[in-house]
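Each remark here refers to the structure printed beneath this line.
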2 protein chains.
Amino acid sequence: MNETVVLTPERILEATEDVLRRYGLAKATVVDVARALDVSHGSVYRHFPSKASLRDAVAKRWLDRANEPLCKLAASDGPAPERLEKWLRTMFEIKQKKVCDDPEMFATYLALAQEAREVVEAYKNKQCDLVAKILSDGIAQGVFEIDDVKATARAVFDATVRYHHPAHAEEWAKPECPSRIDALISLLLKGLRVCK
Amino acid sequence: MNETVVLTPERILEATEDVLRRYGLAKATVVDVARALDVSHGSVYRHFPSKASLRDAVAKRWLDRANEPLCKLAASDGPAPERLEKWLRTMFEIKQKKVCDDPEMFATYLALAQEAREVVEAYKNKQCDLVAKILSDGIAQGVFEIDDVKATARAVFDATVRYHHPAHAEEWAKPECPSRIDALISLLLKGLRVCK
DNA sequence: TGTCTGACAGATATTGAAATCTGTCAGCGA
DNA sequence: TCGCTGACAGATTTCAATATCTGTCAGACA
């Protein structure tokens, strides 16, 4: 029916991500997004109530995309300790890869994380739930010994903050990092395992 | 001999700390420091080669002062697990207290930490050495089971980053913090202890 | 002799006027 | 009717002129 493409939230998000990548968080404006879509900037406000909500939506998309492999890992089966280790290492890798490949989007994410906005809070909670899932599996398998699964999942998440929170991103490239990650993971796994 | 008080590095540091506290990191200038001491700013450069070195020296003094109770704790004796727990909790308290009591100096410290300057690096290494000392004691006492003391000390330090690195300071006031700290500490202690 | 001053060059920060942006909305056109 | 436009008010950002600061150094002063 409609030969001119309709303006959907999805198309706006796509364009916003492009603009964000091209100009960076500081320079990207709603007018730029509208220009990229060849509409007036008023139209963008028909789909998103504010620039902040638009930015949050882009960040959410970006985070969800990054999160996908981790969801799969948590849902898979196999021995919990190996799975947890794999899960943590995958999370670190994903973050590190993002810093290198997509620094503009990463800066956006960092800015969001520093404002501790709702989107990031929800994302963190989701991550913790995934860890909790693996911990529960480990208890069922008789390899983990845990009082409070939720609190311990949070503790694992907190303990690894240095390797997944963007505030520490500059340190991820240091040569001593891998061995420090190894030490951290083995300390945590020992803390979770049942004593032989 | 000299009735006019001589200009010493110590006096300059004192004055700098005052100025820093009064004006904040962004506004404090070498001229302000000189004015406070009633000398020309050229004189300050006789004792410190640059503004950066002056700032680093102030930060070092501040960190060393904050560090004192921790050195004592590490050097004391008693069961290592309790001592480590006390040490970590004391470190968290000191930091949290600083954020509340001395926000200007804390901002300076944060700025320094974010630049990952030499002074902060040295301070961190010192902290890790203190942890390592307690871990060694624990091994001697037969309560800790640790492969590589240095690496594990670093892992304990890394694992607790969320509660001592200034980048996370905003989150320290949250009501769920204490219980999360409890969960983290007990996870770490379990990871260190020998299995019964 | 050794410390301090004060003038200086270049770098950095401040300021206020002008430009741009955000968010709203009355009205246009399909 | 419904989505879009474009003009508008107030907030924010830019930009360039101006002021201040950093770091140096020749010379005063004790």
Side-chain angles (χ1 to χ4, degrees), chain A residues 1-59 104 107-108 110-112 114-115 117-119, chain B residues 1-59 104 107-108 110-112 114-115 117-119:
Chain A
M1 295 276 171
N2 223 337
E3 42 190 272
T4 62
V5 191
V6 280
L7 190 59
T8 60
E10 189 57 27
R11 277 191 64 222
I12 294 176
L13 288 178
E14 207 81 55
T16 307
E17 210 170 312
D18 280 353
V19 168
L20 227 36
R21 224 185 296 281
R22 210 190 320 271
Y23 300 90
L25 177 63
K27 298 279 182 183
T29 71
V30 177
V31 173
D32 290 331
V33 175
R35 206 180 354 251
L37 290 162
D38 207 34
V39 298
S40 83
H41 77 280
S43 304
V44 175
Y45 283 96
R46 193 151 292 282
H47 297 275
F48 293 91
S50 68
K51 188 186 185 181
S53 76
L54 180 56
R55 200 183 51 172
D56 286 3
V58 173
E104 295 298 3
T108 308
L110 200 163
L112 275 169
Q114 278 175 345
E115 291 173 41
R117 302 187 62 60
E118 215 180 291
V119 178
Chain B
M1 299 278 170
N2 223 336
E3 42 190 273
T4 64
V5 191
V6 280
L7 189 60
T8 60
E10 189 58 26
R11 277 191 63 221
I12 294 175
L13 289 178
E14 207 81 54
T16 307
E17 211 171 310
D18 280 354
V19 167
L20 226 38
R21 225 185 295 281
R22 210 191 318 272
Y23 299 90
L25 177 64
K27 297 279 181 180
T29 71
V30 176
V31 174
D32 291 331
V33 174
R35 208 182 349 255
L37 289 163
D38 208 34
V39 297
S40 84
H41 77 281
S43 304
V44 174
Y45 281 97
R46 192 151 293 280
H47 297 275
F48 294 92
S50 69
K51 187 185 185 182
S53 76
L54 179 57
R55 199 183 51 172
D56 286 3
V58 173
E104 296 298 4
T108 308
L110 200 163
L112 275 169
Q114 279 175 346
E115 291 173 40
R117 303 185 62 59
E118 215 179 292
V119 178

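Just so you know, these numbers use all the heavy atoms, side chains as well, and skip hydrogens, waters and symmetry mates. The sequence lines fix the lettering, A, B, ..., with proteins before strands; numbering per chain opens at 1.
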Would a 4.5 Å heavy-atom cut-off, applied to side chains only, mark B/Arg55 and B/Lys51 as touching? no

Check whether any side-chain heavy atom of A/Val31 lies under 4.5 Å from a side-chain heavy atom of A/His41, and answer yes or no. yes

Roughly how many Å is it from [atom1] in [X] to [atom2] in [N], rounded to a whole number?
X	N	atom1	atom2	answer
B/Asp38	C/dT5	CG	C1'	13 Å
A/Tyr23	D/dT13	OH	P	18 Å
B/Lys51	D/dT20	NZ	P	16 Å
B/Arg35	C/dG6	CZ	C1'	15 Å
B/Asp32	D/dT20	CG	P	12 Å
B/Leu7	C/dT5	CG	C1'	13 Å
B/Leu54	D/dG23	CG	C1'	13 Å

Taking the minimum atom-to-atom distance to the side chain of [X], which one of [options] wins?
X	options	result
B/His47	D/dT22, C/dC4, D/dC4	C/dC4
B/Val39	D/dC4, D/dT22, C/dT5	C/dT5
B/Tyr45	C/dG23, D/dC21, D/dG23	D/dG23
A/Arg46	C/dG23, C/dT5, D/dT5	D/dT5
A/Ser43	D/dT5, C/dG6, D/dC21	D/dT5
B/Ser40	C/dT5, D/dG23, C/dT14	C/dT5

What's B/Val30 touching, base or sugar-phosphate or nothing? Going by heavy atoms closer than 4.0 Å. sugar-phosphate

Heavy-atom closest pair (A/Ser53 atom, A/Ser50 atom, distance to 0.1 Å) is OG-O, 2.9 Å

Quick check: any donor-acceptor pair below 3.5 Å linking the side-chain of A/His41 to the base of D/dG6? no

Option from A/Val19, A/Leu13, A/Val33 for which side chain to side chain contact (heavy atoms under 4.5 Å, CB included) with A/Val58 holds: A/Leu13

Quick check: does any side chain N or O of A/Arg11 sit under 3.5 Å from a backbone N or O of A/Val6, one acting as donor and the other as acceptor? yes

Looking at A/Lys27, does any N or O in its side chain come under 4.0 Å of the phosphate oxygens OP1/OP2 on D/dT14? yes

